[in-house]
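It should be emphasised that the depicted structure is a prediction, and the values quoted were computed from it without experimental measurement.
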Amino acid sequence: MSQQPTINWRRIAWISSSIMVLFYIGISFFVDYGGDLYLYYMPFAKGCDDCGFNPYYARWFFAPLMLLPNTFIAWPIWNIVVFAILFWLIYTMDVNPLIVASFAVIGQFWLGQVDIYLCIGIYLILKHENPLINGIGLCFLAIKPQVMALAMLYLLIGQPWPVLARMLVAPIIMALLSFALFGIDWPVRWLSNTQELPVHMWRYSALDTWRFALPFIWIPLLFKQRDLRIVLSIAVMALASPFFGIYTYIVLVLFYPKWWTIPLSYGWVLFIPLAGPTAMRFAWILPLAIIAHICYTNWPQSWWAQRQQRLAS
């Protein structure tokens, strides 16, 4: 009796995700969008301080955007670069490639966003033990401090002094160079410019939740494991920062790759009958579910549970 061939679901996932990405890239040659890339990131990379809302040193990371032509072809080229890096991260970390179907990834693609830099930074932090490399990862996260500040802070808290000193080498060098090149007052000018950050439907979710979530920013400190603390910090920040766009959820579906995060990224769609065009404000369902799942499944490893065990023994 011949053995029935088994279905290679991993191969099917890779083929399906590759077809989706080719579709995304294909339509970007024929649809005129990628607004954030054209309006903010490319002009900022080319020297316009007031065109973007990132800290001035982020221009060094965005230097490759200077090579993009000022034509419609820039968005497709950027999409090719972003998805190539994303696929490399997916392959390296052995993550489900179908995360490219999540709403966050579609948002990255459609807007021409740059959160792939944050993905690289988190990868350098979680997948490398060398504190110097971790420090470079911190520099990548510092491109968007308004959404990564908590993760950066909680990574540093509790580190032994020798490790902390090595981890801060790259950030300190970057800070000193930024003051030398952009002036000692550039943080003031940057913060002043961020006051003009437009309210956009991609931030409705965080604008609704940040006042209620702010008192709970301590939750990541319950866990000592670096990966749990980083993912929790980002998920909490998704609720507690009014500047957190739901396209940045890409870091959550990539670094907490549970199968249910993909369909749940579309959970806000269920509220369209209730909220109509503002239904995207209910996208907070995804980070809240991730916080609840991490805390529930890892509670025995939490600082509080271990403290209770010590008291009971």
Side-chain angles (χ1 to χ4, degrees), residues 36-68 70 112-125 128 130-200 203 206-207 210 214 217 220 230 233-234 236-237 240-245 248 251:
D36 288 356
L37 178 68
Y38 292 118
L39 291 176
Y40 305 120
Y41 296 114
M42 286 177 60
F44 178 72
K46 295 178 181 180
C48 179
D49 293 342
D50 297 329
C51 294
F53 303 99
N54 300 87
Y56 288 4
Y57 52 74
R59 184 177 301 159
W60 302 331
F61 294 89
F62 296 159
L65 301 182
M66 297 176 62
L67 304 176
L68 296 177
N70 291 317
Q113 267 290 334
V114 296
D115 292 276
I116 194 67
Y117 284 101
L118 305 183
C119 296
I120 294 172
I122 298 170
Y123 175 81
L124 294 177
I125 291 170
H128 292 272
N130 190 327
L132 293 174
I133 296 179
N134 296 161
I136 296 173
L138 284 173
C139 293
F140 275 88
L141 298 192
I143 291 173
K144 287 192 173 185
Q146 70 274 23
V147 299
M148 289 292 154
L150 205 61
M152 296 164 65
L153 175 64
Y154 287 166
L155 174 68
L156 298 176
I157 289 178
Q159 296 288 353
W161 281 110
V163 174
L164 183 63
R166 297 179 67 194
M167 196 176 291
L168 289 176
V169 169
I172 289 174
I173 292 175
M174 184 176 72
L176 293 176
L177 287 175
S178 70
F179 289 129
L181 295 176
F182 303 120
I184 197 70
D185 65 332
W186 76 255
V188 176
R189 287 182 276 129
W190 165 60
L191 290 173
S192 177
N193 186 48
T194 58
Q195 301 304 310
E196 301 178 9
L197 182 66
V199 175
H200 196 278
R203 290 198 293 120
L207 288 169
W210 76 270
L214 201 57
I217 59 174
I230 293 294
S233 297
I234 298 168
V236 169
M237 202 68 166
S241 171
F243 304 105
F244 204 111
T248 305
V251 298

Check your understanding: Tell me the salt bridge (Lys or Arg N to Asp or Glu O under 4.0 Å) pairs involving residues 38-49, sequence neighbours left out?
Key -> Asp49-Arg59

Review point. Do Leu65 and Leu37 come within less than 4.5 Å of each other through their side chains, counting heavy atoms only?
Key: yes

Listing, residues 145-164 side-chain donor-acceptor contacts under 3.5 Å, not counting sequence neighbours, or none:
from, atom 1, to, atom 2, distance (Å)
Tyr154, OH, Ile217, O, 2.7
Gln159, NE2, Leu155, O, 2.9

Review point. Which distance, rounded to the nearest 0.5 Å, do you find between the CG of Leu181 and the CG of Leu176?
Key: 11.0 Å

Review point. What is the distance from atom CD1 of Ile172 to atom CG of Leu177, rounded to the nearest 0.5 Å?
Key: 12.0 Å

Review point. Got Ile234 and Leu118 here, is their nearest side-chain heavy-atom distance under 4.5 Å?
Key: no

Point to revise | Test item: Tyr117 side-chain N/O and Phe61 main-chain N/O as donor-acceptor pair under 3.5 Å | key: yes

Review point. Under 3.5 Å, side chain of Asn193 to main-chain N/O of Gly52, donor-acceptor pair present?
Key: yes

**Study point:** Closest non-hydrogen atom pair between Phe44 and Cys51, with its separation
**Key:** N-CB, 4.2 Å

**Study point:** Within the 6.0 Å centroid threshold, strictly below: Tyr57 and Trp186
**Key:** yes

Check your understanding: Between Pro242 and Ala240, which heavy-atom pair has the shortest distance, and what is it?
Key -> CD-O, 3.8 Å

Review point. Does the side chain of Met42 reach to within under 4.5 Å of the side chain of Phe62, using non-hydrogen atoms?
Key: no

Check your understanding: If you look at every heavy atom in Leu132 and Asn130, which pair is closest and at what distance?
Key -> N-OD1, 2.9 Å

Review point. Which residue pairs pass the salt bridge (Lys or Arg N to Asp or Glu O under 4.0 Å) test with at least one member in residues 164-176, sequence neighbours excluded?
Key: none

Check your understanding: What is the minimum heavy-atom distance between Gln113 and Tyr41, and which atoms define it?
Key -> OE1-OH, 2.9 Å

Point to revise | Atom pair CG/OG of Leu207 and Ser241 - distance to nearest 0.5 Å | key: 9.0 Å

Check your understanding: With Arg189, which residues qualify under salt bridge (charged side-chain N to carboxylate O under 4.0 Å, His left out), at least two apart?
Key -> Asp185

Review point. Does Phe182 have any ring pair (Phe, Tyr, Trp, His ring centres under 6.0 Å) partners at least two apart in sequence or in another chain, and if so, which?
Key: Tyr56, Trp60

Check your understanding: In Å and rounded to the nearest 0.5 Å, what is the SG to CG distance from Cys119 to Leu124?
Key -> 11.0 Å

Exercise for review: Sequence neighbours left out, what pairs pass salt bridge (Lys or Arg N to Asp or Glu O under 4.0 Å) with at least one residue falling in residues 130-158?
Suggested key: Asp115-Lys144

**Study point:** Euclidean distance, Cys139 SG relative to Ile120 CD1, rounded to 0.5 Å
**Key:** 13.0 Å

Review point. Taking atom CD1 of Ile143 and atom CG of Leu138, what is their separation to the nearest 0.5 Å?
Key: 12.0 Å

Review point. Can you find a pair of side-chain heavy atoms, one from Tyr40 and one from Asn54, that are under 4.5 Å apart?
Key: no

